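In what follows, every chain begins at residue 1, and chains take the letters A, B, ... in the order their sequences are listed. This is a predicted model, so every value here is computed, not measured.
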4 protein chains.
Amino acid sequence: MASSSRSAGRRDDLLSAAVRVFARKGYHTCRVSDIADEAGVSHGLVYHYFASKDEVLETIFRENWGPIGEAILQIGGTDDSAAEQLRKVASLVLHAWRRDPETVRVLVREISRSPVLQERIGEFQTAFDALEAMIERGQERGELDAALDPRFATYAMWGMLDEVLTGWVLGRLPGADDDVDRAEATVTAMLRRALGPGVA
Amino acid sequence: MASSSRSAGRRDDLLSAAVRVFARKGYHTCRVSDIADEAGVSHGLVYHYFASKDEVLETIFRENWGPIGEAILQIGGTDDSAAEQLRKVASLVLHAWRRDPETVRVLVREISRSPVLQERIGEFQTAFDALEAMIERGQERGELDAALDPRFATYAMWGMLDEVLTGWVLGRLPGADDDVDRAEATVTAMLRRALGPGVA
Amino acid sequence: MASSSRSAGRRDDLLSAAVRVFARKGYHTCRVSDIADEAGVSHGLVYHYFASKDEVLETIFRENWGPIGEAILQIGGTDDSAAEQLRKVASLVLHAWRRDPETVRVLVREISRSPVLQERIGEFQTAFDALEAMIERGQERGELDAALDPRFATYAMWGMLDEVLTGWVLGRLPGADDDVDRAEATVTAMLRRALGPGVA
Amino acid sequence: MASSSRSAGRRDDLLSAAVRVFARKGYHTCRVSDIADEAGVSHGLVYHYFASKDEVLETIFRENWGPIGEAILQIGGTDDSAAEQLRKVASLVLHAWRRDPETVRVLVREISRSPVLQERIGEFQTAFDALEAMIERGQERGELDAALDPRFATYAMWGMLDEVLTGWVLGRLPGADDDVDRAEATVTAMLRRALGPGVA
DNA sequence: GATGAATGAGATTTCATTCAT
DNA sequence: AATGAATGAAATCTCATTCAT
């Protein structure tokens with residue numbers, strides 16, 4: 001029982017092993033056998049579940065960007081105020097990151113590996129578009145500062161969150177529980193004021 | 001004389017050729033002979049000036065992050081208000097894209113190649129430290145919100161700038177002259193309010 | 001079963017192929033693919049079993065000097081007279097040429113390739129130490145001339161044997177069966193008198 | 001004056017630098033620039049005095065084996081007893097080695113590098129032949145043990161001297177003045193008895 | 001005489017991928 | 001499902017040699 005339900009998880013074991021290795025060493029720098037070693041299997045088995053090293057990365061993109069985009073879309077579809085929507089998105093993303101910062105690092109950093117990949121991963125663009133639309137609606141309703149360019153504001157917001165995560169993943173920022181609380185407080189305060197309505 | 005001043009530039013010829021090739025194809029995707037071809041010399045000559053392909057990239061990082069760190073240090077040493085200092089840093093970083101997009105592309109895209117590399121580039125850390133010191137002084141003078149953790153605020157600020165550059169590098173954000181101006185206005189406004197003194 | 005015992009020999013196939021190629025062309029003159037060709041495999045497989053070309057040579061040294069040192073130790077542990085022990089060592093070393101001339105050729109010719117290598121091969125030093133201990137015990141029992149410095153005597157004795165092997169390896173000395181017998185007789189006689197008790 | 005008489009010595013500076021480097025690292029392991037560095041000049045200058053790296057080694061052989069062979073020939077041509085002739089040869093060689101052990105190491109070890117080289121260096125064979133002829137005449141006159149094969153005895157004698165020198169060059173044998181005296185005493189005593197007339 | 005930039009043939013090494021077991 | 005031996009294309013790197021200055 002355990003073994004058959006476990007074996008169904010082999011593919012996921014490999015994916016999460018790949019995420020850890022990609023986050024630590026980068027896609028190009030790691031070898032297929034690094035992924036296998038991290039998962040505790042032979043490198044040949046990687047090819048039982050994936051056609052190539054490339055497909056491993058592509059799968060990580062596809063399976064992770066999808067849910068993020070959908071969640072943002074759903075939040076944007078509620079009747080909440082723009083401020084509350086942004087708070088929810090920030091909370092969603094930050095908590096997703098607290099749970100799994102390595103995945104986020106890979107999603108954000110390795111997307112630039114190949115233009116081909118970016119075009120194939122429509123899920124990625126969807127998430128950004130949803131966030132931008134949310135900000136634009138907030139501006140139209142006068143709840144967010146209309147003087148800000150929504151596109152650049154989206155990227156800037158995303159960058160704030162990403163850079164802190166990168167600092168944690170690479171061990172350059174302290175990541176104990178209270179450090180994470182302080183980071184969240186700092187970043188959410190910054191976000192709220194950065195995007196909020198202009199000074200009256 | 002002309003020839004001696006020209007031959008003195010061979011090393012720099014190779015570095016700028018490497019920047020162009022890295023920007024076009026990426027560090028991992030290009031070969032040493034691509035760099036040599038771009039510079040119009042044999043691949044062996046690369047090894048006359050640099051110990052390895054890695055050292056070429058490391059040199060590019062070192063020689064470009066140095067001036068950035070110095071510029072931030074210098075801005076932080078003026079009598080300008082904290083808000084003005086932050087604006088100048090944002091302007092410096094964002095306009096680098098227009099001045100030398102290929103170098104920015106390499107600095108942004110390849111810095112995450114390997115954490116090992118980042119640790120070896122002291123100039124990189126210097127720039128971050130200078131930025132953090134600037135924010136701390138602003139807090140001490142009551143011009144910036146002392147409730148924010150200066151370390152995380154530094155990373156968040158850097159992330160805003162970096163993500164916009166990344167958007168340009170990857171062609172996902174429009175990067176013409178007026179786009180850059182609008183990006184600067186947006187990011188500067190966000191920064192001023194995100195970091196500014198707390199609401200009384 | 002046959003196949004598993006055969007595949008277990010791949011590493012040894014490569015080692016003996018390397019011995020043949022090193023003996024024929026010399027370590028520096030041959031390429032890794034020469035070894036692979038001689039073994040009938042691709043050159044990549046060499047790196048499956050050995051970390052580098054250097055490690056192949058190092059392994060040949062280690063795995064051949066080991067038995068030689070053990071044999072000398074064993075001879076020194078018998079109740080034979082010192083003269084008989086010396087004769088047995090000379091016979092062992094000189095007959096190795098007939099048994100496996102290619103290995104002897106490599107051991108003799110390439111050992112001087114680099115002092116670094118010799119220091120790394122502890123088995124090499126072990127053989128020398130065993131020989132020196134044998135001579136010292138002979139002196140203590142009054143069977144060998146105690147006036148001789150045992151260290152230098154060890155080197156001189158080894159040199160006699162090594163130079164004859166070198167002569168065979170380089171084709172400057174005749175090496176047929178009866179030549180080897182004559183060499184053994186000559187060297188043994190020289191050794192017995194050179195190291196024997198001083199004239200009363 | 002000094003400079004012109006000095007500059008005539010540049011070629012010899014390079015040769016003796018090459019001897020030191022070859023002795024230390026071996027011919028194949030060292031680079032042309034190692035020779036130049038050892039001599040304190042640029043590597044290009046090596047090609048002003050020698051046509052190739054190979055020619056440097058060949059020159060060392062030719063210029064050093066010649067005098068040795070001649071000296072042995074001359075000693076063999078005197079009316080001295082065989083024992084005295086052997087003593088003189090041993091003394092000549094040992095003292096030559098004491099003066100310049102590195103040259104001897106190169107002469108002996110690198111001769112095996114290439115069969116082509118050995119055939120071209122007739123001077124090398126001349127020295128060995130002269131030594132063998134000397135031993136044969138000693139046997140004919142009843143002054144040396146006629147039971148010994150003269151060819152193998154020549155090689156064995158040579159090997160004794162060479163191995164001690166090798167120990168010194170590689171730092172595996174102590175080489176202070178009194179060590180050298182003890183080595184000479186040990187080796188000459190061994191030689192005298194090893195080659196002397198058989199026990200009556 | 002002297003330098004060292006420049007070349008390029010050729011070597012070692014890496015590693016994604018295949019496939020027999 | 002799982003292993004790991006085996007392949008080979010393609011990359012990095014070395015270094016003897018040339019030659020303009």
Side-chain angles (χ1 to χ4, degrees), chain A residues 3-4 6-8 10-11 14 28-36 39-56, chain B residues 3-4 6-8 10-11 14 28-36 39-56, chain C residues 3-4 6-8 10-11 14 28-36 39-56, chain D residues 3-4 6-8 10-11 14 28-36 39-56:
Chain A
S3 97
S4 93
R6 281 284 172 210
S7 73
R10 262 290 148 82
R11 184 177 164 283
L14 281 168
H28 275 106
T29 308
C30 87
R31 303 175 298 204
V32 170
S33 62
D34 290 330
I35 302 172
V41 299
S42 76
H43 69 270
L45 193 57
V46 175
Y47 290 88
H48 186 76
Y49 292 101
F50 305 95
S52 66
K53 186 186 172 190
D54 255 45
E55 202 192 78
V56 175
Chain B
S3 90
S4 99
R6 183 140 26 105
S7 72
R10 255 301 140 83
R11 196 191 92 113
L14 280 167
H28 280 101
T29 311
C30 87
R31 301 168 300 187
V32 171
S33 61
D34 290 331
I35 303 172
V41 299
S42 75
H43 73 271
L45 193 59
V46 175
Y47 292 92
H48 188 77
Y49 291 101
F50 305 96
S52 64
K53 187 186 172 189
D54 252 47
E55 204 192 79
V56 175
Chain C
S3 89
S4 97
R6 184 141 24 108
S7 72
R10 254 301 138 81
R11 199 192 90 114
L14 281 167
H28 281 101
T29 310
C30 86
R31 300 167 300 186
V32 170
S33 62
D34 291 331
I35 302 172
V41 299
S42 74
H43 73 271
L45 192 58
V46 174
Y47 291 91
H48 187 76
Y49 290 100
F50 305 96
S52 65
K53 187 188 173 188
D54 252 47
E55 204 192 78
V56 175
Chain D
S3 98
S4 94
R6 280 284 172 211
S7 73
R10 262 290 148 84
R11 185 176 163 284
L14 280 167
H28 275 105
T29 309
C30 87
R31 303 175 299 205
V32 170
S33 63
D34 290 329
I35 302 173
V41 299
S42 76
H43 69 271
L45 193 56
V46 174
Y47 291 88
H48 186 75
Y49 291 101
F50 306 95
S52 67
K53 187 187 172 189
D54 255 45
E55 204 193 77
V56 175

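Of the inter-residue distances, the one linking B:His48 atom NE2 with B:Ser42 atom OG reads 10.5 Å to the nearest 0.5 angstrom.
Looking at D:His43, its side chain comes within 3.5 Å of the base of E:dA5 through a donor and an acceptor atom.
The shortest heavy-atom contact between B:His43 and B:Val32 is O-CG1, 4.3 Å.
Using a 4.5 Å heavy-atom cutoff, the side chains of B:His28 and A:Thr29 are in contact. Side-chain contact between B:Val56 and B:Leu14 is absent, with no heavy atoms from C-beta onward closer than 4.5 Å.
Of the candidates F:dT14, E:dA2, E:dT12, the closest approach to any side-chain atom of D:Arg10 belongs to E:dA2. In the set F:dG4, F:dT12, E:dT13, F:dT12 carries the atom at the smallest distance from any side-chain atom of B:Arg31. For A:Leu45, the side-chain atoms get nearest to F:dA2 when compared with the rest of F:dA6, F:dA2, F:dT17. Distance from the side chain of D:Ser42 is smallest to E:dA2 among E:dA2, E:dT17, E:dT13.
Between D:Arg11 atom CZ and E:dA2 atom C1' the separation is 18 Å, expressed in whole Å. Note: NE2 (D:His28) to P (F:dC15) measures 12 Å, nearest angstrom. For the pair C:Leu14 CG and F:dT7 P, the computed distance is 10 Å after rounding to whole Å. When rounded to the nearest whole Å, the span between CZ of C:Phe50 and C1' of E:dT12 equals 16 Å. One can place OH of A:Tyr47 at 15 Å from C1' of F:dT3, the figure rounded to the nearest angstrom. The CG atom of B:Asp54 sits 15 Å away from the C1' atom of E:dT13 (whole-angstrom rounding). Remark: P of E:dA11 and NZ of C:Lys53 are 9 Å apart, rounded to the nearest angstrom. In this entry the distance linking CG of D:Asp34 with C1' of F:dA16 reads 12 Å, nearest Å.
Heavy-atom nearest nucleotides on DNA chain F were determined for B:Cys30 and for C:Gly40, and the one closer to the 5' end corresponds to C:Gly40. Mapping A:Val32 and C:Ser33 onto DNA chain E by nearest heavy atom places C:Ser33 closer to the 5' end of the strand. For B:Gly44 and A:Gly44, each mapped to the nucleotide of DNA chain E holding its nearest heavy atom, the one lying further toward the 5' end belongs to B:Gly44.
Across all strands shown, F:dT3 forms a Watson-Crick or G-U wobble pair, both distances under 3.5 Å, with E:dA20.
Proximity of a side-chain donor or acceptor of D:Ser52 to a complementary backbone N or O of D:Glu55 within less than 3.5 Å is detected.
Within the structure, every side-chain polar atom (N or O) of B:His48 is placed at least 4.0 Å from both OP1 and OP2 of E:dA6.
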